[in-house]
Amino acid sequence: MEFVVITMAKIAVMLGVLLTVVAYTVWLERKVCAWMQDRVGPNRVGPFGLLQPLADGLKMMLKEDVLPRHITDKALYTLGPLMAMVPALVTAGAIPWGSQLPLFGRQIQCVVANLNAAVLVVFATSSFAVYGIVLAGWASNSKYPFLGGVRSSAQMISYEVCLALSVVPVFMQIGSLSLCHMVEYQTHHTWMIFMPWQWPSFLIFIISAFAETNRTPFDLPEAEQELVAGYNTEYSSMKFSMFFLGEYAAMFVMSAMMVTLFFGGWSLPFAPFNRPATTLWIGLAHVAIFLAKILVFLFLYIWIRWTIPRVRYDQLMALGWKIFIPLTIVNIVFVGIVLALWGGR
Amino acid sequence: MTFLDTLFWFLSIAMLLSGVGVIASRSPVTSAMFLVMLFVFMAGLFALLEAFFLAAIQVLVYAGAVMVLFLFVIMLLDVRASQQRRVKLLAVFGGVAVAGALAWELILILQQPVRPLAGSDTNLHGGLEAVVKPLFANYMLPFEVTALLLLVAMVGVVLLSKRDME
């Protein structure tokens, strides 16, 4: 019973923090975009426009939910946006947000589900996001959403393979699939990013993560000049904003994976931040460090979006299948040899 | 009934209902989505047995990859043709016969007393090491042969599908 209550509380806190960060990522996106284009950005609602996400959310909820008449399968049409948002929220439960919080005389682990196959669970649940886009494209029953849905499913299937294969070398070094072991290992040794033989893995992972979350330069599913708005053309109101939330939540989760796998998760390489927390304040500081690192990656996502133009579709597929997949396999062999010769463990 | 028992019954019944949904729904896309649900509930059953690795693989491979490709193909085909299908008498008899044979076999097997295999412990193992160690240590050769066979099949498919284009 106690386990159920604590887990429920963890889930509630996690979702609260996650959705707040997601809402403010949208604000950050608009602000950064404005700065890069020499504009002001949202600045009317609250100081620096900080209440803008609240106003946007309220507006989205009050808008009329238009159901176009040509939609025949209403159940699948509604399932689309749900499947686009929920997987990203579920995935966040397998990621360690911090070490532990000593609270009410208990040591509370800062992870909803400490699984021994956490990485597989993350990839498994995040692969569900494809369904959202595919179903939205199909159930919309109109041309451009359908093309967007087909494109996107092909893209996400391709890059899922790269994404999963690119992190294999990291786990060869750790000898575990648990994300908590991952952070523990990096606190004892050094961060993965400081080991040169893991650099290819990191590069392929970060590029595949951009493709997997449909962000620029790989945001082909919603290429405006070709597809109107892609798979979400026929959606309005909260259903539309669910796609939006789903995209930003997926960005958050991918950033969290990068932080956990390569940048030491909640840790910093000096005391008292390089071992599990003993006091509440250090425990909270770990969570803050984790969120700060994620924020850096979210900023990178936004920075790249407003810097680099979109690639062509055939270039995207060629990059995935002809370059990245062979490269990841070579990388696995290469890191295997390095670890065998120099004993990276 | 404990909490885990309740979960078991919930997952089993939900799984069977989604199985019925697969064959009962008219639209192939709905069928495919029911099949995805079935895989997810099945993964839940694996997780109840503390086989988290198997559960994750079940979702990753079947629900995440295989079914997406299925859906992809269904979407590119003309689905209206299959929505107007008629029930054929032969298909009904064949289906009932196969289902009956399977049920009969299952009843025969379930009536047998449970005998653990010689040399194996009766604890259920579905963790990462329990699955992977035999695969890469004890049964390395069959595993590699299977991989090679799959590769040959894949090359064959590519060759067959490309023949028309010459």
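No experiment lies behind these values; they were computed from the predicted model shown. Per chain, numbering begins at 1; letters A, B, ... match sequence-line order.
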Part of [X] lying under 4.5 Å from any heavy atom of chain B:
X      : answer
A:L76  : side chain
A:M156 : neither
A:A75  : neither
A:F128 : side chain
A:V121 : both

Close side-chain approach of B:L71 and A:W138, heavy atoms under 4.5 Å: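 No, every pair of side-chain atoms sits at 4.5 Å or beyond.
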Which one, A:S153, A:G137, A:S126, leads in non-hydrogen pairs under 4.5 Å with chain B?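 If we count pairs closer than 4.5 Å to chain B, A:S153 comes out on top.
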When A:V4, A:V150, A:V130 are compared by non-hydrogen pairs under 4.5 Å with chain B, the top option: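 The answer is A:V150.
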Check the surroundings of atom CG in B:L110: do more than 12 heavy atoms from other residues, nucleotides or ligands lie under 6.0 Å from it?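 Enclosed: over 12 neighbouring heavy atoms sit under 6.0 Å from CG of B:L110.
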If you count heavy atoms of other groups shown closer than 6.0 angstrom to CZ of B:F70, is the number above 12?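 Count not over threshold, so no.
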Not counting sequence neighbours, which residues clear ring pair (Phe, Tyr, Trp, His ring centres under 6.0 Å) with B:Y139? List them please.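 B:Y139 satisfies ring pair (Phe, Tyr, Trp, His ring centres under 6.0 Å) with no other residue.
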Chain A-proximal positions within residues 58-68 of chain B [heavy-atom distance under 4.5 Å]: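 Listed by number: B:V59, B:L60, B:A63, B:G64, B:M67, B:V68.
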